[in-house]
Amino acid sequence: GAGRRRVPVYASSVYIDSDGAMVDQTVEQVSAGFTAVKVKIGRDAGAGGPRGDVRALEAIRSAVGPDVELMVDANGAYDAATAIRVGRALAELDVKWMEEPVPPDDEAGYRQVHKRGIVPLAAGESHFGPFGFRPLAVEGLVDYVQPDLGRCGGITAAMQVAAMCYAYNRRIAPHTGFSGGLSQLAALHVAAVVPGLDSLEYMFIDNPARELFVGGYPRAKQGFVDVPDGPGLGLELDLDYVASIAT
């Protein structure tokens, strides 16, 4: 049974581009009703490197003001020392979390960043099964745990991860990315029931594989998505649409 009839979501993701383009995308999502937006970081040297990442976030924070939550996602692009340096700069901009600051299998790097950094950390999209999440939750490598229902082992594994996180006082923020509609709908239902939920990722970028249902995937409204209450996962598959994108 659902404990929440609607789930808080954040807009994802503003990809690396010129500062102006990134500002415009973020402002557009705020204007659409989102109160939290995730921004990609992890530029190479040719695109400005870590200083370029910080400069872009400074421009975005200036444009959206202090009341919008901003998260950043490095997709494992940094080493630990760089992540610490960038994180300390982003702390001045009140960034909510830094996601995957180092590669997902670099547990020593996570320990170093979490110990010496300032911005809270998030990870989980590249972890598998409840035992794979144990270092994140039990050892406290991150503050926000992000199981992806299409990768972690489905609903059962996600619920096990959520119970582990609750016991160790970690927040849950399920990852969805560009996964298919069934995975994203399952994540919505998990988000509706788990304790310690922070928010669910909601991709504002078009993803035809998400729109598998009669009437489409539920749309975000003012930072929330309503949980469908039909049988099973709550929505009916549009088999004609599925056939059309499979050919």
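Positions are given from 1 along the sequence.
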Is there a side chain to side chain contact (heavy atoms under 4.5 Å, CB included) between Gln25 and Gln29 once you walk through the steps?
CA-CA 6 Å; Gln25 282 193 55; Gln29 296 311 310; 5.8 Å; no
Would you call Glu139 and Arg134 a salt bridge, taking side-chain N to carboxylate O under 4.0 Å as the test?
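Salt bridge: no.
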Carboxylate-amine/guanidinium contact Asp19 Arg55, below 4.0 Å
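Judged by the 4.0 Å cut-off on N to carboxylate O distance, Asp19 and Arg55 do form a salt bridge.
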When you look at Tyr202 and Tyr217, which way does the side chain to side chain contact (heavy atoms under 4.5 Å, CB included) test go after all the steps?
CA-CA 11 Å; Tyr202 184 94; Tyr217 184 81; 4.0 Å; yes
Of Asp53, Asp17, Asp73, the one forming a salt bridge (Lys or Arg N to Asp or Glu O under 4.0 Å) with Lys40 is Asp73
I'd like to know if the side chain of [X] and the backbone of [Y] have a donor-acceptor N/O pair within less than 3.5 Å.
X	Y	answer
Ser62	Ala59	no
Asn207	Gly180	no
Arg88	Arg116	yes

Within a strict 4.5 Å, meaning less than it, do heavy atoms of the [X] and [Y] side chains meet?
X	Y	answer
Val72	Lys38	no
Pro218	Asp226	no
Tyr10	Glu201	yes

Are a donor atom and an acceptor atom from the side chains of His127 and Asp148 found within less than 3.5 Å of each other?
no
Glu107 atom CD, over 12 foreign heavy atoms within 6.0 Å
yes
Compute both the distance and the angle, then confirm whether Arg219 meets the cation-pi test with Phe213: under 6.0 Å from the six-membered ring centre, within 45 degrees of the axis.
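Because its charged atom misses either the 6.0 Å distance or the 45° angle limit, Arg219 does not stack over Phe213.
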